[in-house]
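Basis for what follows: all heavy atoms, side chains included, without hydrogens, waters or symmetry-related copies. From a predicted model like this one, the values you see are computed outputs, not experimental measurements.
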Protein chains: 2
Amino acid sequence: MLDAKDMKILEILMKDGRKPFTEIAKELNTSESSIRKRVRKMEKEGIIKGYIAVIDPSKIGYNVVALTGFDTDPQNFLMVAKKLCEFEEVKKVYTSTGDHMIMAEIWAKDGQELTNIIFNKIGKIEGIKKVCPAIILEQLK
Amino acid sequence: MLDAKDMKILEILMKDGRKPFTEIAKELNTSESSIRKRVRKMEKEGIIKGYIAVIDPSKIGYNVVALTGFDTDPQNFLMVAKKLCEFEEVKKVYTSTGDHMIMAEIWAKDGQELTNIIFNKIGKIEGIKKVCPAIILEQLK
DNA sequence: TTTGAAAATTGGCCTAA
DNA sequence: TTAGGCCAATTTTCAAA
């Protein structure tokens, strides 16, 4: 299904999602149309879900990013996870095994705002039993 | 430093990193060159760190993604974090507060490969005291 | 901000494996 | 049937005024 050339294209686009097809073609010693048709196919098949700009949160005033685990009672599990997605400050939501059934990445301007988001806004969701925020100190990769 | 228009541009690019400047300009009722100059400036300042394609790991054979916490003795903490970055399978590395000082996102083809990566490759790094993998079941956002 | 030239993308049509 | 080559039209980017 995916051959070596597709994988190389993906590797390149995972590092630079804006690299022109013409340049990718040059790097892989092939034609632009070949690259373009492969990329379009992978987009259609959902292999490439999209392209996003990567922002440094601290540079736009979000000085506190927290990986936050949530414990819920089993009845409200999915509802809680979906509600979490609705918050603008919640950038990512996963369900997972391990210590917490739900993990979320939350951006806040400072500690006070994080407290407010977690305990006043999110904490009010029915079914949440416990909240475990871990503040990210540095992203190394 | 960042005005409202910059923030709107960032919001748009965080959702679609490939949206042409001309389209963004139309949405924000301004000119293409204005948008482009603002974007270039934010790129230069490191506010926009780059652009990446978002890949569905399961569609390229990575069926197991694990958020993994690492405990280390304090002497080896930074060295461990840096070593982790060198593994191709380790896609993200954070230092953080909370249960584990280091958090990493690891991609593997299956459970067996994850076990191999965590215990045979990564686990051999000096100073690692404990490994706590949580397998991501679903990404909701 | 406007303008015009260069570069990249797009779509259609074609051939070959 | 599918991947890739080719070409012409459109769109986007870019630098200078």
Side-chain angles (χ1 to χ4, degrees), chain A residues 1-62 88 91 139 141, chain B residues 1-63 65 88-89 91 107-110 113 139 141:
Chain A
M1 201 176 106
L2 280 190
D3 63 12
K5 195 182 276 184
D6 287 322
M7 284 303 298
K8 275 188 193 163
I9 295 172
L10 286 181
E11 275 169 35
I12 291 171
L13 287 177
M14 278 196 272
K15 288 189 192 115
D16 181 359
R18 282 199 138 177
K19 185 164 281 192
F21 299 146
T22 48
E23 267 189 60
I24 300 174
K26 225 180 281 175
E27 279 181 41
L28 302 183
N29 282 319
T30 178
S31 72
E32 176 272 337
S33 70
S34 161
I35 301 291
R36 174 160 47 96
K37 276 156 193 177
R38 282 167 179 269
V39 170
R40 290 286 171 266
K41 193 170 161 225
M42 291 191 281
E43 287 170 353
K44 207 171 196 173
E45 289 170 349
I47 295 165
I48 298 174
K49 291 200 284 184
Y51 304 86
I52 60 169
V54 182
I55 308 301
D56 184 335
S58 71
K59 292 249 171 83
I60 58 171
Y62 289 95
E88 170 66 23
K91 300 295 181 185
Q139 175 163 10
K141 185 174 181 180
Chain B
M1 201 177 103
L2 280 190
D3 63 12
K5 195 180 276 183
D6 287 323
M7 283 304 299
K8 277 188 189 160
I9 294 172
L10 287 180
E11 275 169 34
I12 291 170
L13 288 176
M14 277 195 271
K15 289 189 190 115
D16 180 0
R18 281 198 142 178
K19 183 164 282 192
F21 300 145
T22 48
E23 267 188 61
I24 300 174
K26 223 181 283 175
E27 282 180 40
L28 303 184
N29 282 318
T30 178
S31 72
E32 178 268 338
S33 67
S34 157
I35 301 290
R36 180 158 43 85
K37 277 166 190 169
R38 282 166 181 270
V39 170
R40 291 287 173 264
K41 188 164 164 241
M42 291 192 282
E43 289 170 350
K44 208 170 198 174
E45 290 170 349
I47 295 165
I48 298 174
K49 292 200 283 183
Y51 304 86
I52 60 169
V54 182
I55 308 300
D56 184 336
S58 71
K59 292 246 170 85
I60 59 171
Y62 290 95
N63 294 297
V65 177
E88 170 67 21
E89 301 94 338
K91 301 294 180 185
W107 289 19
K109 302 225 181 280
D110 50 37
E113 194 188 88
Q139 177 164 8
K141 184 174 180 180

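Rounded to an integer number of Å, the gap from CG of D3(A) to P of dA3(D) is 9 Å.
Going from atom CD1 of I24(B) over to atom NZ of K19(B) covers 7.0 Å, rounded to the nearest 0.5 Å. We find the CD1-OH distance between I52(B) and Y51(A) to be 11.5 Å, quoted to the nearest 0.5 Å.
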Can you give one letter per nucleotide of nucleotides 10-17 of chain D, 5' to 3': B if a protein heavy atom sits under 4.0 Å from the base, S if only from the sugar-phosphate, - if neither?
--SBBB--
Donor-acceptor contacts under 3.5 Å from residues 1-14 of chain A side chains, at least two apart:
from	atom 1	to	atom 2	distance (Å)
D3(A)	OD1	K5(A)	N	3.2
D3(A)	OD1	D6(A)	N	2.9
D3(A)	OD1	R38(A)	NH1	2.9
D3(A)	OD2	R38(A)	NH1	3.1
D3(A)	OD2	R38(A)	NH2	3.2
D6(A)	OD1	R38(A)	NH1	3.0
D6(A)	OD2	D3(A)	N	3.4
D6(A)	OD2	R38(A)	NH1	3.4

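Minimum interatomic distance between A53(B) and I48(A) (heavy atoms only, all atoms of both residues): CB-CG2, 4.3 Å.
Salt bridge absent: E23(B) and K26(B) never bring a charged side-chain N and a carboxylate O closer than 4.0 Å.
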